[in-house]
Amino acid sequence: MEEFDQIPDAMRTIARVNPKVIIINGGDGSVQAALTELHGGKYFGETPPPVAVLPNGKTNLIALDLGAQGDPLEALAKIVELAQADLAPHTVKRELIALSNGQGSKPVLGMFLGGAGLADSILFCRTKIYPLGLPNGVSHVLTALAVIVSVILGIRAAFLPPRPSPVRVSLKRGGQFSGRYTLLIVTTLERLLLGSKTEAGAGNLKLMAVEQGFGTLFRAVIASIRGKLGRNRLAGVHIEQGDEIEIAGERSNVILDGELFQASAGNPIVLRTTPPVPFLKLAA
């Protein structure tokens with residue numbers, strides 16, 4: 001399969017053979033497109049087979065969360081080995097993020113959303129750094145350095161990520177906050193970036209927002225290193241959980257598992273959770 005628009009036909013063909021497991025090879029964007037079609041198209045009814053994700057593509061936080069690291073061929077061999085027996089002991093349930101405009105549009109499904117300054121940094125990496133042809137690891141380091149320089153020195157230039165646009169974040173039954181944020185993350189993965197802690201039963205959407213400014217980001221990193229991020233209130237750092245989150249702003253970017261969306265005036269982005277979906281976990 002070479003194009004995302006081939007996914008529906010691929011799913012119909014796969015469903016005919018009633019597979020024991022579905023393996024997705026690609027980065028987070030490929031996984032997101034496949035999950036959206038898999039569960040939106042109902043090709044397997046209400047009981048789809050577990051999904052395994054190979055560690056491939058530019059970024060693959062989903063594969064990392066599921067214990068798939070290193071060589072994709074080795075991960076594939078492990079999956080084939082597991083499929084020879086009962087997969088139940090290796091199957092875990094994950095809720096997905098359902099992203100829509102809140103006006104009845106078909107939701108797009110994923111597991112990790114980056115917004116505000118994080119989304120701008122990802123786009124900066126794609127448009128300015130990746131075209132240089134450097135290895136992924138080097139590209140990500142250069143992007144991180146550019147972000148640090150921009151945050152610490154407050155420099156605005158074409159060769160640096162732009163200043164984050166203001167956004168308003170609202171949690172159903174949980175209040176709201178607004179401002180400019182260096183990091184804005186919503187995920188259903190087990191761990192947020194920076195190792196922040198969340199509470200069981202408080203909602204399946206886990207949110208972290210770090211207000212713009214070097215001091216705030218520095219305090220968040222130090223709290224993470226000390227294992228205290230999310231345990232106590234930290235000025236400028238918002239860590240929340242809920243079942244529905246709305247992100248509003250004027251041309252504010254968010255990226256869900258590699259795909260770009262934009263909140264605009266009168267057109268907020270709405271995030272909800274799906275029922276639990278089965279995945280194959282390769283490591284404890």
Side-chain angles (χ1 to χ4, degrees), residues 1-100 106-114 185-192 204-206 255-259 261 271-284:
M1 187 179 66
E2 297 178 354
E3 303 293 339
F4 284 171
D5 59 10
Q6 296 174 306
I7 292 178
D9 288 339
M11 287 296 176
R12 293 188 190 95
T13 302
I14 293 171
R16 292 177 189 151
V17 300
N18 192 26
K20 192 171 183 178
V21 60
I22 294 178
I23 303 172
I24 303 176
N25 180 34
D28 286 339
S30 299
V31 176
Q32 179 251 93
L35 289 176
T36 297
E37 189 61 36
L38 172 62
H39 296 282
K42 300 294 184 182
Y43 300 98
F44 301 88
E46 299 301 323
T47 57
V51 172
V53 181
L54 299 182
N56 220 328
K58 292 286 187 183
T59 58
N60 207 322
L61 296 173
I62 297 173
L64 183 63
D65 183 71
L66 296 171
Q69 304 181 50
D71 187 345
L73 292 178
E74 292 181 3
L76 177 61
K78 178 65 174 178
I79 294 168
V80 172
E81 178 185 344
L82 293 176
Q84 305 307 310
D86 183 11
L87 289 178
H90 307 281
T91 300
V92 296
K93 295 294 184 69
R94 294 281 189 273
E95 293 84 5
L96 303 178
I97 299 171
L99 181 153
S100 68
K106 181 180 178 181
V108 176
L109 305 185
M111 297 176 77
F112 182 91
L113 178 141
I185 298 167
V186 180
T187 184
T188 57
L189 299 177
E190 287 186 335
R191 296 182 179 181
L192 285 172
N204 295 319
L205 292 175
K206 306 172 184 68
I255 295 178
L256 178 65
D257 291 345
E259 184 172 351
F261 301 88
L271 310 176
R272 299 183 177 92
T273 54
T274 68
V277 173
F279 286 87
L280 192 65
K281 193 172 180 71
L282 299 188

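Worth knowing before you read on, the calculation uses all heavy atoms, side chains too, and leaves out hydrogens, waters and symmetry mates.
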Check: Of Leu205, Thr273, Asp257, which meets side chain to side chain contact (heavy atoms under 4.5 Å, CB included) against Ile97?
Finding: Leu205

Check: To the nearest 0.5 Å, what is the distance between CD1 (Ile22) and CG (Leu35)?
Finding: 9.5 Å

Next item on the list: Among Val186, Ile185, Ile255, Leu256, find the one that has a side chain to side chain contact (heavy atoms under 4.5 Å, CB included) with Phe112.
Entry: Ile185

Item checked: Distance-minimising heavy-atom pair for Thr188 and Lys206 -> O-NZ, 3.8 Å

Notebook entry, point to check: Glu95 and Thr274: which non-hydrogen atoms are nearest, and at how many Å?
Noted result: CG-O, 3.6 Å

Checklist line | Closest contact, heavy atoms only, Pro107 versus Thr36 | finding: O-CG2, 3.9 Å

Notebook entry, point to check: Does the pair Leu96 and His39 meet the rule for a side chain to side chain contact (heavy atoms under 4.5 Å, CB included), with working shown?
Noted result: CA-CA 10 Å; Leu96 303 178; His39 296 282; 4.3 Å; yes

Check: What is the minimum heavy-atom distance between Ile24 and Ala34, and which atoms define it?
Finding: CD1-CB, 3.6 Å

Item checked: Closest approach of Pro278 to Pro48 (non-hydrogen atoms, all atoms of both residues) -> CG-O, 3.6 Å

Check: Between Leu54 and Leu73, is a side chain to side chain contact (heavy atoms under 4.5 Å, CB included) present by the stated rule, with each step listed?
Finding: CA-CA 8 Å; Leu54 299 182; Leu73 292 178; over 6 Å; no

Check: Is the backbone N or O of Val80 less than 3.5 Å from a side-chain atom of Gln84, with the two atoms forming a donor-acceptor pair by type?
Finding: yes

Checklist line | Side chain to side chain, Leu66 and Val92, heavy atoms closer than 4.5 Å | finding: yes

Margin query: If you apply the rule side chain to side chain contact (heavy atoms under 4.5 Å, CB included), what do you find for Lys281 with His90, and how did you get there?
Written below: CA-CA 5 Å; Lys281 193 172 180 71; His90 307 281; 5.7 Å; no

Item checked: Side-chain heavy-atom pair Val21, Val51 within 4.5 angstrom cut-off -> no

Next item on the list: Mind listing the closest non-hydrogen atom pair of Asp86 and Lys20 along with its distance?
Entry: N-NZ, 4.3 Å

Item checked: Pair listing, salt bridge (Lys or Arg N to Asp or Glu O under 4.0 Å) test, anchored in residues 68-81, at least two apart -> none

Checklist line | Leu99 vs Phe261, side chain to side chain contact (heavy atoms under 4.5 Å, CB included): CA-CA, chis, key distance, verdict | finding: CA-CA 9 Å; Leu99 181 153; Phe261 301 88; 3.8 Å; yes

Next item on the list: Measure the spacing between CG of Leu280 and CD1 of Ile79 and express it to the nearest 0.5 Å.
Entry: 6.0 Å

Notebook entry, point to check: Could you give the distance from CZ (Phe279) to OG1 (Thr91), rounded to the nearest 0.5 Å?
Noted result: 11.0 Å

